[in-house]
Structure formats: C-alpha cells, structure tokens
There are 2 protein chains.
Amino acid sequence: MVKFQQAQLDRTFSALSDPTRRALLARLEGEEALSVSELAQPFAMSLPAVMKHLDVLSHAGLITRTKTGRTVSCRLNADPMEEAMSWLARYQRFWTQRLDALEALLNERRRDPAPGEGGSGGA
Amino acid sequence: MVKFQQAQLDRTFSALSDPTRRALLARLEGEEALSVSELAQPFAMSLPAVMKHLDVLSHAGLITRTKTGRTVSCRLNADPMEEAMSWLARYQRFWTQRLDALEALLNERRRDPAPGEGGSGGA
DNA sequence: CTGAAACTTAACCATAAAGTTAAGTTATCG
DNA sequence: CGATAACTTAACTTTATGGTTAAGTTTCAG
C-alpha cells in the first residue's frame, strides 16, 4: 500500500522538476481556470509540446481538464503537493537547526561584539 | 538570476522523483554519515547503479561525499530542500482551504444534522 | 456546408535516465 | 609485493523526456 504512495510521489516530484510545468502551475495558481491555448500562449514552444506537459501534470493529478465545446478548461489541483510537502517536512529540522545555530551565533555576538567584524558583508 | 534558482529547483525535484534516491536520503536522515557500500547494501541493484544515484544526489547538492582512505562518506545536506518547500508552500492555501471548508461543513452538520444523510459515504 | 479555431494524434528525432557487466584504480593488510 | 576491499570508469542497452512538424478531429461562425 505504501508502494502506491511512492508512485504518486514519483509522479508529483517528476512533474515539478520541469520549469515549464512549474510555470503552468504558477499561472493556474492565480487564475482559477485557463484554456489550453491561454496556457500555451506565453511559451515559445509548440502547442503539442505544451499539451505533453499538461498530460504529465494531469497524470500526476496536479491539474484537471474539462472540455466544454471545443475549449478545454484546466484548473489547478494542489492536493498531490501535500504529500510532497509532508515528505520534505521530515527534513525541515536540518535547516531549522542550521538557522537556529546561526541565530544563536548572532545573539551571542550582539551580546558580546567581536572587534573588527562589524559593517557590511555578504554571505 | 532567477534562472539559476530555477535550475537548482529542477535538479532538486528531479533528484527527489526517484524512490531509490528518496530511500537513500531517508537512510541518511537517521545516520549522520554512511559509506557508499553501506548505502548500497540494502538495494537489489548493482553498485554502479547506486553510484549513479549518488551522483545525481550530490549534483543536486543533497549529499556531500568525502573520501577518507578508500572509503567514501556520504552525508545529507537538506539545504536545497528548503527552496523546494518554499515553492510548494505557495500552494499550501489550496489544501488548507479545502480542509477548512471540510471542517466548516462538519461543524455545520454537527450543529444542524440534515436528515437522511447520516452514516457512511464515499469520497 | 465551408472554413477557421481549438485542440488532439501520430510519427519522428535527439538527448538523458536507469540499469547492466566488465575492467580499471587506489588503499590496506599480511 | 600480492590479494582483497572499496570504489570508479567505460561501454552498452533500453526506455523515457521534451521537442518538432504534419495531419486529424470536433465545434462554432457565417
């Protein structure tokens, strides 16, 4: 049963690994529903190429498509992202740990400023 | 400049889209450091195959490898996941919204139970 | 009923991914 | 120095990705 979830995660992460597809999703984040041609319009690539990306997205469950007449409405379905977030959340402690350490260091310096280390510096 | 981040996200999501690689990372989540052969041991595939996965992970910056004598220590570096989390976080409202709506619905029913709708139901 | 708009399918190509086996490298041990 | 352990590289195969152009479908407008 955990195998199915694995495959879903595979599809989700894989779908998200392409910048065109992330841009498509980002577009749908602000628009409720867009047709295939509206989605395709900003991209330099051909319509069929965009279609393939939409296929990947809908196979991953990240969009739904409904045909009305000759136009197809695409809308976002973020649900599969929740599982991806959960997977990543397991590792969150590693960077919060790091940030905590940084914060501690900064607090320490604020309390007891070391000489010759003030001013501007990029990290 | 945002292009570089895009490529990093590509690599991160792509690296995470394979179950073997996620298993390798999960292993390193609990172990601080493991050698290549220790990491490879649980898998049915050949050593070179695991090597390639490790190459992908380190190219994505998700692990670091340090050679000591003839053994190579791999350790987790979760930092790139933070960016992936941030990207996903933009969409978090979509499922929390959904959960909020569900919760509201349940509260409403608890207050004012509709007749003929009790019991078990799918979806 | 013709034609254009909005997709969809098909056929093809180049490159990358994921695996294999076989043949190197380096280290460490006896 | 020779053998073995721990990787690494090379060469190859198969399948998947991401793109193309060309040729269908439907559906709506005139």
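Lettering follows sequence order; numbering is per chain, from 1.
- The nucleotide range of DNA chain C contacted by chain A, defined by atoms under 4.0 angstrom from heavy atoms of the protein and reported 5' to 3', is C:dA4 to C:dT9.
- Under a 4.0 Å N-O distance rule, the pair B:Glu29/B:Arg22 does not qualify as a salt bridge.
- Side-chain heavy atoms closer than 4.5 Å link hydrophobic residues (I, L, V, M, F, W, Y) into clusters, and following such links, possibly through other members, connects A:Val36 to A:Met45.
- Ion pairing of B:Asp18 with B:Lys52 is absent here, as no side-chain N (NZ or NE/NH1/NH2) approaches a carboxylate O to less than 4.0 Å.
- Looking only at atom types and distance, the side chain of A:Ser86 has no donor-acceptor partner in the side chain of A:Glu83 under 3.5 Å away.
- Looking only at distances, a side-chain donor or acceptor of B:Gln8 sits under 3.5 Å from a matching main-chain atom of B:Ala60.
- For the segment residues 43-76 of chain B, residues with any heavy atom less than 4.0 angstrom from an atom of DNA chain C are, sorted by number, B:Met45, B:Ser46, B:Pro48, B:Ala49, B:Lys52, B:His53, B:Gly69, B:Arg70.
- Between the side chain of B:Arg21 and the backbone N or O of B:Ala15, at least one donor-acceptor pair lies under 3.5 Å.
- Summarising the geometry of B:Ser17 relative to A:Ser14, their closest heavy-atom pair is CB-N, 3.4 Å, with the distance given to 0.1 Å.
- The stretch residues 8-40 of chain B touches DNA chain D through B:Ser35, B:Val36, B:Ser37, each having a heavy atom within less than 4.0 Å of the strand.
- In summary, the side chains of A:Arg75 and A:Thr64 do not present any donor paired with an acceptor at a separation below 3.5 Å, with no hydrogens or angles considered.
- Checked against the 6.0 Å centroid criterion, the rings of B:Tyr91 and B:Trp95 do not qualify as a close aromatic pair.
- The nearest pair of heavy atoms linking A:Leu16 to B:Phe13 is O-CD1, 3.4 Å.
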